[in-house]
Amino acid sequence: MLKLYNSLARELQDFRPIEPGRVRMYVCGMTVYDYCHLGHARVMVVFDMVTRWLRASGYQVTYVRNITDIDDKIIKRAGENGESIRALTDRFIAFMHEDAAALGVLKPDAEPRATEYVPQMLGMIGDLEKNGYAYVAANRDVCYSVRKFAGYGKLSGKSLEDLRAGERVDVAAGKQDPLDFVLWKGAKEAEPDEAKWPSPWGTGRPGWHIECSAMSSQLLGRHFDIHGGGQDLQFPHHENEIAQSEGAHGSTFVNYWMHNGFVRVDDEKMSKSLGNFFTIREVLKQYDAEVVRFFILRAHYRSPLNYSDAHLDDAKHALTRLYTALKGFDGEAPVDWNEAHAQRFRAAMDNDFGTPEAVAVLFDLASEVNRTGDAQLAAQLKALGGVLGLLQRPAVEFLQAAPASGLANEAIDAMIVARAAAKKAKHFAEADRIRDELKAAGIVLEDGPGGTTWRRA
RNA sequence: GGCGCGAUGGCAGAGUGGUUAUGCAGCGGCCUGCAAAGCCGUCUACGUCGGUUCGAUUCCGGCUCGCGCCUCCA
């Protein structure tokens, strides 16, 4: 039985889908006006892992991850670049897909773009108005009246009073309550036509939160199983989603809320506003994408994850150990779930997606493979790694994966041949010289019974 | 100020009321021409003060420190 930590209840709960055998999950994706950074990588990898584990557990999963392609920052950036909003967002969606693919993230079942669901959002705002939750503010924005929604604060654990006490934002013109948020933003003269849609409340564009309420109910139904995203979305974004969806539909929105922890740099949250972020493609110039995925999965999804070169190097060495164990085995087989390691793996994953422990099982399995040379266990190792989206390449390909600049394979092979000749002639000084030369170039030699193999350090 | 999370060995990072996490790094040994890889063995732990208990790193409370949210942010 899968247990997961439900942010809404703030406790570990047994997972029971609404419909037996079927899971419907929605995750808040990216706002596409810039490259994805490591924080985005974490969300993508974490919920990819969740999807894979649910599927491995026999569920039929429908996974939706949205794309926010209209908001203040997008309008601003497109203006700065002198390009259309569509051109800007299309470009960064393509980059996002490249990054996701590199990290072994499978495509969600649907990736709705906000701009394609404006009619559904308007319908929902209409329902909210009808139900008494929405009002038109003095500045023509349509706002949500949080005090009308009895459950406001249930996800973030905040009360309206607490929130008001810490108020540090200027109250937008015309809001009845500082915490009210915008459902529909009235159009500004200076904004491009591309950012304007007609509506019963005048020309404008959607507020940020309404898209997720509209798209999730459209694609998954009004009531679905899991809603995920980064911890920073818990408040106000997800709190507002609940207020909108439950206010409009009058029924429960989501059963389980999952929030992944932040990626940090020097013990501080990596974020756009702090400017301390590394883009995925920046990191991938230096590290193999699978190392980055492994680095993310080696920590529990709710824990903070500190980024540094030293930690990535550590992850690389660790992953190298797993691939080294797999070297020389090319058999593949589906996971044998009756086998002892697989059972431990399952127990770890069923405990709130305990990937750190699941990865530890992989290492135990690797030791066993090294000790016994058992091909079946090697296949099991590869298959279990596959459940996490790891270890699927031929071992030699990973071990010899070439960095941007480095010695060509042919040159390495030639030097190994020369060294073998020197060794045969007992010219060990010459053999060692060649080995040292390769080592200086980042190539490590390993002499085995079947000859010499190499890998990149 | 309000709300919440966390503090584990040199580093990273799990977990558990009493028995080895795991990886990297270190040390000793085996293997090797010497190495590397691998194998065997091994050293560094559970912030602090109290409480509960036969027994607490694990449960409860105080304290200290760190982090997050309360503003766009995955």
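- B:G55 makes up no base pair with any nucleotide shown, lacking Watson-Crick or G-U wobble contacts both under 3.5 Å.
- Contact annotation for A:R419: base contact, defined as any heavy-atom pair under 4.0 Å involving a base atom.
- Side-chain N/O atoms of A:N351 and base N/O atoms of B:G15 include no donor-acceptor pair closer than 3.5 Å.
- Looking at A:D352 and A:K3, no side-chain N of the basic residue comes within less than 4.0 Å of a carboxylate O on the acidic one, giving no salt bridge.
- OP1 or OP2 of B:C39 sits under 4.0 Å from a side-chain N or O of A:N370.
- Considering A:R293, A:R393, A:K316 as possible partners of A:D288, the one that fulfils the salt bridge (charged side-chain N to carboxylate O under 4.0 Å, His left out) test is A:R393.
- Nucleotides B:U16 and B:C59 place their P atoms 9 Å apart, quoted to the nearest Å.
- The phosphate of B:G23 has OP1 or OP2 within less than 4.0 Å of a side-chain N or O from A:R321.
- Between A:D71 and A:A299, it is A:A299 whose nearest contact on RNA chain B lies nearer the 5' terminus.
- Judged by a 6.0 Å distance limit and a 45° cone about the ring axis, A:K423 is not positioned over the six-membered ring of A:F428.
- Distance noted for atom C1' between B:G17 and B:G1: 38 Å (whole Å).
- Between the base of B:A35 and the side chain of A:R435 there is a donor-acceptor pair shorter than 3.5 Å.
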Inset, instruction - List the steps, then state whether side chain to side chain donor-acceptor pair (under 3.5 Å) holds for A:Q234 with A:S7. - result: CA-CA 9 Å; A:Q234 191 166 351; A:S7 306; 4.8 Å; no
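- The phosphate of B:A74 has OP1 or OP2 within less than 4.0 Å of a side-chain N or O from A:H40.
- When distances are taken from the side chain of A:H311 to each of B:A36, B:C11, B:G33, the shortest belongs to B:C11.
- Among the protein residues, A:S303 comes within range of the sugar-phosphate backbone only, with heavy atoms under 4.0 Å from sugar or phosphate atoms but none that close to a base.
- Contact annotation: A:K423 does not reach the phosphate of B:U32 (side-chain N/O to OP1 or OP2, under 4.0 Å).
- Using a 4.0 Å heavy-atom criterion, one finds that A:K426 contacts no nucleic acid atom at all.
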